[in-house]
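Encoded as structure tokens, the structure appears first; notes follow it.
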Amino acid sequence: MTRLNRPLIYFAVIGLLYLSIGILQSWMLALTVLNDALIAAVMALGVNMMWGYAGLFNIGISGFFALGGLAVVLVSNSANLEAWNAGTPRILLSLLCGGAFVFGGVAAYRKLPSAWLRVVVILLLTGLGWATFEYVYTPAVEAVEAVNPASAGNIGGMGLPVPLAWFVGAGFAAFAAWVVAKIALGLRSDYLAIATLGIGQIIISVMKNEIWLDRGVKDVYDLHRWPVPKEVNLQNADWFIAAAHSMGIDVRTASALFVGICFALISATVLVFLLTLAETSLNSPWGRMMRAIRDNEVAAEAMGKDVKKRHLQIFVLGSAVVGIGGALYAVFHGIFSPHSYDDPLRYTFLIWAMVILGGSGNNFGSTLGALVVMLIWIQAESLGPALMHLITAHLSDGPLKSQLINSAVQIRLPLVGIVLIAVLRFSPRGLLPERSRN
Amino acid sequence: MEILNAAVALLNYVIIPATSYAAQLSLGALGVTLVYGILRFSNFAHGDTMAFGTAITILFTWLLQSFGMTAGPLPTALIALPIGIAATSALLLLTDRAVYRFHRKTKAPPVRLVIVSMGVMFVMNGLTRFIIGVKERNFADGDRFIINAAQFRHLTGLHEGLAIRSTTAITVVVAIVVVGLLFWFLNNTWTGKAMRAFSDNEDLSLLSGVNPEYVVKVTWLIVAALATIAGVLYGLDKAFKPFTYFQMLLPIFAASVVGGLGNPLGAIGGGIVIAFSEVSLTYAWRKVFSYLLPEQFLPHGIAQLVSIDYKYAISFIILVVVLLFKPTGLFSGRSL
Amino acid sequence: MTAPLLVGDQMTGGYGHTTILNGCSIALAQGEIAVIVGPNGAGKSTAMKALFGMLTLRSGSVHFEGEDITSLSPEERVSCGMAFVPQTQNIFTTMSVEENLEMGAYRRREGLGETMSQIFSLFPVLKEKRSQKAGELSGGQRQQVAVGRALMTRPKLLMLDEPTAGVSPIVMDELFDRIIEVARSGISILMVEQNARQALMIADKAYVLVQGANRYTDTGQALLADPEVRKTFLGG
């Protein structure tokens, strides 16, 4: 196997595996896995940009991911005028106030001459800021949340087309990343990891608890998905019924497949677009500088490269890409559910496993890793219990047997863990090692 | 009198809960700090190690209970604890042999070990869920209270009640004993000194004839004991749920980093700082104020500075502030 | 001449692809003080590491008390009776002076108290500061802790890598005095020194290394008297 065609062979093998799911199990399942894998590939690309290009250890991925989903809710959901009138401007005002006080605090810290003065002024600003924020914010939130709480209770969206949410999601994630980076980017890598883990948890907690924003744990259902049609509409469209009949598939299945293919095409387009951008930038002088910094930070700094600024750039860009993944994910699943995003194993560490397996620093590797890991993750969920049924076939029915079978879905966790451990043991540079380019 | 009532309320709702939480966090942070001090990486599998040890302990608690064995007024889990520790020790030694040792021998960069520990985290997380499921479990039995609110009111005639739950008392007592033993071990035994020497200056400790594999093994054994005890105490005091233990990673890491990674005293100090900040900032102070302030000065709300939902933000902010201003931790010093 | 205690014969080796030692040979007998001097980059410290097993040799051998120890690890060489004091990071900074000495005796715990009191009489200041953290001591005192720790293994051979690097001249004189005292107690000493003149004065045997090979080998006094050595290495 020469180095040139190795990626091709891997992608061909994984493609065959996906096809075999379609043939052996169901095409619907194959499409679901593919869609989740493509979205995960977008996120993995973002992680790879941070980790592979720059060695930045971000394990708050689930938070940036959730911000992308939030963007979908705020951009594409229909407007809720009643809630808007009830207090949305006031909430925005309170956020502005809060921001102003934070800004004031930072300015005070930077500008004031003596340490004592700083402490006093910052404490004063914190207290005052907190009181002002609470005073403006709390009544407005209560008013918004009182509007039709069973089905809404949130400020609603702007009723704009879904694709706009990709950009807004990227923007949200980028902004959050910028704030984090301003605070924590100078930290040593494992400290940065812990700090980002915290940020991820905080972002998710905000989404779980700020009902006015996104209905919190009550979830937002039926997200818009333009330009992908709804299954129901397809099933009632004459042209679609005719097409389904001519292919000999029943209309319900055909509509689900059609929708799945549409999503896959959209995710694939976004992924290819981002991959092209990422590869182009990696081969540009900017990308060379990025790698130079990663490989030897001290030398790069000595050569006059602004390491901090570059790290900030890549951290913001990578997080933005993760945000796009979040937007795609929410739209594909049709639901924004902060409660279920509160699962760093699935939305952070699984993505990391993809990047490591694929090969840190190799963008195509991240995509390959995503396709492989998502396949393992979803297949193990159904094959685990099936296997356990076989293993326990001779056991008499009872609590032990049902416990074993019920627990067997968890097999996917150790499986991913073992894959990750094995890669680091036997091939730490991954399936598609970073190419050396000069 | 009102001041006494306020003091009792403060004790009951802030100081006592924070103390037991501090004890649990400190034990957890000690485990993280020992691994960092000896094996020199941040172990992301620590929360799941705690969950695993607790799960095994719970299983044996159930088994003992089904035989009708209890510890009388104490929780049965205390009898099952050594078995939990033994199982966790076995798991950690096995993990070290199968996973970490290779990277140690090949002198892999620490960050690779951190990522390896992510893989271990997946495995342990799945293992725990497999043996006990994902649901919340309560396994505390024995006497619930040393003194309950009604008894206290009756005893003192105060309006405010004070309840000391037996699990709280057990947590604090066990933690003090364990920490005392650990420090005695590190400062007074040959093995403990070898660990400190290894942590301080690896090359020189090798020249002194310290066997690194032995030190690493002992470290994992201690970490297994600390993690299991911390997990069981937390579970007795609150409840056991695998995901909660996974989430404990943040306050535990915050505690060990705030205190200075690799420094056991720092882990305890960090645990106290984090626990007291978290409990006091998320406590609704209205009750305490109601004894101290006249009616018209009372705050409108419940006087809670941070909603309990955002308690992670507190660990995070303390962590970041300490790292920015004193990156080596409050109790600086890198070594055991 | 008595049978040599330590012999490094035709040692060749280096790091990665670079060769630092080129067939360098070092030997010393029981009770001798031997010094290795030479210009910067001559491979003095590397020769020391090779003798102690911290560098894998490509060719050549090391014998100690007549036994071939070429393939032994540094730890195993400690058990044979060799002790090594690295140039830097040679103490446990966060441990007390007494604990530092104890760590030296980690493998030979019998007679611990006796050995320690010998070391305290050699370095009285250590007794005074026994419960202080070693990292809080002055440079000269740290070196005494380092030598003391090495002596706690009760070695037959003490190897010192630039023991006087970075200490003041007064402290340096005192350290040399102590080293002579150690040698009088029957422990052989091999050291690498920057201060060639002073080192040669106390040396029974001296090696001048250049580019990883022996240039001159003789008694310290003879080399001091050699006009060529004086001109090239001792600055006239």
Side-chain angles (χ1 to χ4, degrees), chain B residues 30 33-34 36-38 40 104-107 182-219 256 259-269 328-336, chain C residues 48-49 51-55 72-110 112 131 133-136 142-143 145-155 157-161:
Chain B
L30 275 173
T33 240
L34 280 179
Y36 186 84
I38 300 290
R40 305 183 203 283
R104 186 161 63 245
K105 296 278 184 205
T106 55
K107 302 221 183 298
L182 177 69
F183 277 89
W184 176 83
F185 175 81
L186 286 176
N187 288 316
N188 293 292
T189 65
W190 280 101
T191 304
K193 285 177 192 175
M195 283 173 64
R196 285 168 55 215
F198 186 84
S199 168
D200 180 309
N201 187 337
E202 187 174 335
D203 291 336
L204 192 63
S205 76
L206 300 183
L207 289 184
S208 307
V210 172
N211 176 356
E213 289 304 304
Y214 171 71
V215 165
V216 165
K217 272 196 192 100
V218 173
T219 305
S256 49
L261 256 180
N263 177 347
L265 262 181
I268 295 165
T328 48
L330 294 176
F331 304 78
S332 47
R334 189 189 54 79
S335 173
L336 290 188
Chain C
M48 202 76 147
K49 285 186 177 145
L51 289 167
F52 200 66
M54 292 158 88
L55 177 84
L72 295 191
S73 69
E75 294 85 71
E76 288 164 328
R77 294 180 203 216
V78 173
S79 316
C80 292
M82 294 168 72
F84 179 59
V85 179
Q87 185 184 345
T88 53
Q89 299 197 323
N90 49 21
I91 54 167
F92 300 110
T93 50
T94 58
M95 299 174 83
S96 71
V97 170
E98 194 169 3
E99 284 171 334
N100 265 276
L101 297 182
E102 282 173 2
M103 282 318 294
Y106 184 73
R107 274 298 169 86
R108 309 182 70 169
R109 295 174 204 173
E110 72 282 359
L112 172 72
S131 48
K133 277 194 180 165
E136 294 165 358
R142 281 163 170 244
Q143 290 297 10
V145 175
V147 174
R149 188 206 60 82
L151 289 174
M152 285 299 287
T153 60
R154 283 189 274 160
L157 168 66
L158 178 64
M159 298 166 67
L160 304 163
D161 192 355

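By convention in this document, chain letters (A, B, ...) are assigned in the order of the sequence lines, proteins followed by strands, and residues within each chain are numbered from 1.
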Practice problem: Can you tell which part of R108(C) gets under 4.5 Å to a heavy atom of chain B, answering side chain, backbone, both or neither? | Solution: neither

Quiz item: Taking the side chain from T219(B) and the backbone from V215(B), do they hold a donor-acceptor pair closer than 3.5 Å?
Solution: yes

Quiz item: How would you list all residue pairs meeting salt bridge (charged side-chain N to carboxylate O under 4.0 Å, His left out) that involve residues 185-195 of chain B, not counting sequence neighbours?
Solution: K193(B)-E102(C)

Quiz item: Can S208(B) and R149(C) be said to form a side chain to side chain donor-acceptor pair (under 3.5 Å), step by step?
Solution: CA-CA 8 Å; S208(B) 307; R149(C) 188 206 60 82; 2.8 Å; yes

Quiz prompt | Inter-chain contacts: residues 84-93 of chain C against chain B, heavy atoms under 4.5 Å | solution = F84(C), P86(C), Q89(C), N90(C), I91(C), F92(C), T93(C)

Self-check item: W184(B): side-chain contact (heavy atoms from CB on, under 4.5 Å) partners, not counting sequence neighbours
Solution: N188(B), T189(B)

Self-check item: Qualifying salt bridge (charged side-chain N to carboxylate O under 4.0 Å, His left out) pairs with a residue from residues 74-89 of chain C, counting only residues at least two apart or across chains
Solution: none

Quiz item: Is the NZ or CZ atom of R40(B) both under 6.0 Å from the centre of the six-membered ring of F198(B) and within 45° of that ring's axis?
Solution: yes

